[in-house]
Amino acid sequence: MLRPKGLAIDIDGTITYRNRSLNCKAVEALRKVKIPVVLATGNISCFARTAAKLIGVSDIVICENGGIVRFSYDGDDIVLGDISKCLKAAEILKEYFEIEFLDAEYRKSEVCLRRNFPIEEARKILHDAKLDVKIVDSGFAYHIMDAKVSKGRALEYIADELGISPKEFAAIGDSENDIDLIKAAGLGIAVGDADLKLKMEADVVVSKKNGDGVVEALELLGLI
Ligand SMILES: O=C(O)COP(=O)(O)O
Ligand SMILES: [Mg+2]
């Protein structure tokens with residue numbers, strides 16, 4: 001890929017360590033990047049917009065795994081996912097498992113659950129329920145999402161608004177919830193300690209872990 005025109009980057013496990021604290025080397029490197037850096041996360045919108053502001057990257061953010069996009073810090077959430085079917089799905093899962101909701105009062109497009117039940121079993125149950133939802137593992141939480149939502153679809157939405165192709169973006173991630181993102185981008189990168197499922201879909205797998213891998217990727221792309 002020639003120099004990308006934008007960079008979409010995951011937060012947890014990509015620019016953070018496993019305990020979710022920021023890798024400051026990645027933050028310093030991202031601040032040097034001259035093209036728009038779009039955070040693309042499963043986290044809620046107030047978390048994502050604050051993280052973007054504090055890290056010092058673009059105000060354009062993808063939140064709730066693509067269920068929400070925002071174009072400015074003071075702007076509105078654009079909701080791309082239907083939370084009602086995700087809530088119905090959660091009600092069904094409640095009959096089988098002791099599920100625990102995360103950030104429920106803030107989520108607008110999806111349901112986030114603690115990773116304390118067997119996801120493959122849940123997938124089968126939701127598949128049979130025909131609710132048009134999917135359940136995705138970020139490595140930090142399980143997310144019940146509208147089937148049409150993904151970080152990749154949100155990147156396409158943002159690129160369209162910016163008048164550039166999503167293929168002119170590079171993307172970096174660590175988990176299953178980044179697969180569609182790295183596929184939508186022109187160049188998909190997995191950090192060294194990424195989930196195997198993501199590594200298999202990536203164009204490039206860097207050798208270093210999380211934020212150190214981000215610095216390695218930015219050097220490789222000629223962005224720093
Ligand atoms: O919200 C999560 O579960 C993890 O968030 P991430 O997409 O930034 O890794
Ligand atoms: Mg992640």
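In listed order, ligands and their atoms are each counted from 1. Index from 1, following the sequence.
Taking the six-membered ring for Trp and thresholds of 30 and 60 degrees, Phe117 and Phe97 have nearly parallel ring planes, at less than 30 degrees apart.
Side-chain contact check for Asn210 and Asp174: no donor-acceptor pair (N or O, by modelled atom type) lies under 3.5 Å.
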Identify the protein atoms, limited to N or O, that lie within less than 3.5 Å of an N or O atom of ligand 1, and list each pair with its distance to 0.1 Å.
{"residue": "ligand 1", "atom": "1 (O)", "partner": "Asn43", "partner atom": "N", "Å": "3.4"}
{"residue": "ligand 1", "atom": "3 (O)", "partner": "Ser138", "partner atom": "OG", "Å": "2.5"}
{"residue": "ligand 1", "atom": "3 (O)", "partner": "His143", "partner atom": "NE2", "Å": "2.7"}
{"residue": "ligand 1", "atom": "5 (O)", "partner": "Asp12", "partner atom": "OD2", "Å": "3.3"}
{"residue": "ligand 1", "atom": "7 (O)", "partner": "Asp10", "partner atom": "OD1", "Å": "2.8"}
{"residue": "ligand 1", "atom": "7 (O)", "partner": "Gly42", "partner atom": "N", "Å": "2.8"}
{"residue": "ligand 1", "atom": "7 (O)", "partner": "Lys151", "partner atom": "NZ", "Å": "2.8"}
{"residue": "ligand 1", "atom": "7 (O)", "partner": "Asn177", "partner atom": "ND2", "Å": "2.9"}
{"residue": "ligand 1", "atom": "8 (O)", "partner": "Asp10", "partner atom": "OD1", "Å": "3.0"}
{"residue": "ligand 1", "atom": "8 (O)", "partner": "Ile11", "partner atom": "N", "Å": "3.3"}
{"residue": "ligand 1", "atom": "8 (O)", "partner": "Asp12", "partner atom": "N", "Å": "2.9"}
{"residue": "ligand 1", "atom": "8 (O)", "partner": "Thr41", "partner atom": "OG1", "Å": "2.7"}
{"residue": "ligand 1", "atom": "9 (O)", "partner": "Asp10", "partner atom": "OD1", "Å": "2.9"}
{"residue": "ligand 1", "atom": "9 (O)", "partner": "Asp10", "partner atom": "OD2", "Å": "3.3"}
{"residue": "ligand 1", "atom": "9 (O)", "partner": "Asp12", "partner atom": "N", "Å": "3.4"}
{"residue": "ligand 1", "atom": "9 (O)", "partner": "Asp12", "partner atom": "O", "Å": "3.0"}

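Residues passing the salt bridge (charged side-chain N to carboxylate O under 4.0 Å, His left out) test with Arg70 are Asp77, sequence neighbours excluded. Residues satisfying the side-chain contact (heavy atoms from CB on, under 4.5 Å) criterion with Leu102, sequence neighbours excluded, are Cys112, Arg114, Ala141.
Note on the Mg ion (ligand 2): protein N, O or S atoms under 2.8 Å away count 3, no waters included.
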- request: Please test Asp195 against Lys197 for salt bridge (charged side-chain N to carboxylate O under 4.0 Å, His left out), starting from the C-alpha separation and ending with a verdict.
  value: CA-CA 5 Å; Asp195 186 315; Lys197 283 186 192 158; 5.7 Å; no
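Remark: Lys209 NZ is loosely packed, at most 12 non-hydrogen atoms of other residues, nucleotides or ligands lying under 6.0 Å away. Within 6.0 Å of the CG atom in Asp76, the count of heavy atoms belonging to other residues, nucleotides or ligands does not exceed 12. Under a cut-off of 6.0 angstrom, the local environment of OH in Tyr106 is sparse, with at most 12 non-hydrogen atoms contributed by other residues, nucleotides or ligands. Within 6.0 Å of atom NZ in Lys124, 12 or fewer heavy atoms from other residues, nucleotides or ligands are found, so the atom counts as exposed in its surroundings.
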